[in-house]
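Chain naming here is simple, since letters A, B, ... match the order of the sequence lines and numbering starts at 1 in each. This one's a predicted model, so the numbers in the text were calculated from it and none came from an experiment.
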Protein chains: 2
Amino acid sequence: MGWAAVSAGEEVRLKLVEAEEPEDNDYHLQEQVGFILRKAHQRHVAIFAAHIADLTPPQFAALAKLHDVGETSQNQLGTLIAMDAATVKGVIDRLKARGLVELSKHEVDKRRLLVNLTAEGRDAIERLIPLARGITEETLAPLSAKEAATFMRLLAKLA
Amino acid sequence: MGWAAVSAGEEVRLKLVEAEEPEDNDYHLQEQVGFILRKAHQRHVAIFAAHIADLTPPQFAALAKLHDVGETSQNQLGTLIAMDAATVKGVIDRLKARGLVELSKHEVDKRRLLVNLTAEGRDAIERLIPLARGITEETLAPLSAKEAATFMRLLAKLA
DNA sequence: TCAAATTCATTCGTATGCAAATGATATCAA
DNA sequence: TTGATATCATTTGCATACGAATGAATTTGA
């Protein structure tokens, strides 16, 4: 119909352009950085879940960062692990429900909600960190050591 | 207390290890591939939203793939754009509610739900693809052309 | 000092993302 | 042929993820 004719015209135009220069006018979703980034992230999450079944990557990130810096406000923690206020609240709520973190009010600044590891939370994160090293290793396994180093350097520039 | 003593012991042990070899026993969340991958993905989604406000990356992916391959089953589409059945259903439902895709039953195999672009959906994706090229460009902007090529090659190996 | 702007946290709404269970249909194999 | 498997789609439940609106508390600046 009308559209078929237009389509045929497109075909011709594309071929003429290609004859002049080897440019590709098609759009290939599979080659877009966003699409591959999403898939790489998916794969990492799957590897993570295979090694650490009882915690999600964001939950692990929260515990690991608390272990690193000690007590902080919920908001500050969110900044440190790249989560907005609404997201970090959900993560902390679930960690609190499981007894891995405890909350308290800031004495001076009454707006702030302080978050800290419980003894159980500390035990958990210290037990899991060695597994996390394995997760990083397995995620990067398709690359050689040199490639992995290059990739990490470039990825850091993008993030 | 008891823990403080253990902590002090840990300190000593770590320092001895470091004296022997320059190994780092600390765990740095910020250097883990999963964490940076999540941040890079976040940044990409933000760039996408700044260029294409009325569609999410998964919605765009569905339309772009339909434009590429034509009518397919919902399940097959999910495979092509790396989404599981439950996720793709939600995406297609919302695109259908906006009149960008239409659904029909497979004549032979009654299990399958066929998905196709509407005229409006085709117009939309053809209008948006040029913007998507800009999104890819901006996402990779922190890298030189050579670095970007290297990054894409390594990222593809990971995903 | 005190009104304006900022910060911290919460809530709501919407959109992925995936595991698991279920039902309908189709295919395979004994 | 039919019973076991496999495939396609849906539904439910849970967990990010973020924009926007709101309220409480703090800080800033004229």
Less than 4.0 Å between a side-chain N and a carboxylate O, is that true for B:K96 and B:D93?
-> no
To the nearest Å, give me how far apart NZ (B:K39) and C1' (D:dA17) are.
-> 16 Å
Mind calculating the distance between CZ (B:F48) and P (C:dT16) to the nearest angstrom?
-> 11 Å
A:Q59 vs B:L114, nearer the 5' end of DNA chain D by closest nucleotide | B:L114
Give a yes or no on whether a salt bridge exists between B:E120 and B:R98, defined as a side-chain N under 4.0 angstrom from a carboxylate O.
-> no
Here the distance between atom C1' of C:dT16 and atom NE2 of B:H44, to the nearest Å, is 14 Å
Of all heavy-atom pairs linking A:A124 and A:L100, the shortest is CB-CD2, 4.3 Å
Within residues 68-79 of chain B, find the residues that approach DNA chain D with a heavy atom at under 4.0 Å, and present them sorted by residue number.
-> B:S73, B:Q74, B:N75
Is the backbone N or O of A:L158 less than 3.5 Å from a side-chain atom of B:R43, with the two atoms forming a donor-acceptor pair by type?
-> yes
So, is A:R112 close to the D:dA24 phosphate, meaning a side-chain N or O under 4.0 Å from OP1 or OP2?
-> no
Is a side-chain donor or acceptor of B:S73 paired with a backbone partner of B:L113 at a separation under 3.5 angstrom?
-> no
Measure the distance from CG on A:D93 to P on D:dA17 and round it to the nearest whole Å.
-> 15 Å
Hey, can you pull the residues of residues 103-111 of chain B with a non-hydrogen atom under 4.0 angstrom from DNA chain D?
-> B:R111
State whether a side-chain donor-acceptor pair under 3.5 Å links A:Q32 with B:T136.
-> yes
Between D:dT11, C:dT10, D:dA15, which nucleotide gets closest to the side-chain atoms of A:K89?
-> C:dT10
Starting at CD1 of B:I47 and ending at C1' of D:dC18, how long is that distance when rounded to a whole Å?
-> 16 Å
Could you check whether the rings of B:F60 and B:F48 sit parallel, tilted or perpendicular, using 30° and 60° as the cut-offs?
-> perpendicular
Could you tell me whether the side chain of A:R38 and the main chain of B:A82 form a donor-acceptor pair under 3.5 Å?
-> yes
Tabulate protein N/O versus nucleotide N/O from nucleotides 17-19 of chain C, keeping only pairs under 3.5 Å, one per line.
residue	atom	partner	partner atom	Å
C:dG17	OP1	A:R38	NE	3.4
C:dG17	OP2	A:R38	NE	3.0
C:dG17	OP2	A:R38	NH2	3.4

Please state how far atom CZ in A:R94 lies from atom P in D:dA17, giving the value in whole angstrom units.
-> 10 Å
Classify the side-chain pair B:K39/B:Q30 by whether it contains a donor and acceptor separated by less than 3.5 Å.
-> no
Please tell me if the side chains of B:Q42 and B:V45 come closer than 4.5 Å, counting only heavy atoms from C-beta onward.
-> no
So do the side chains of B:H28 and B:D26 get within less than 4.5 Å of each other, counting heavy atoms only?
-> yes
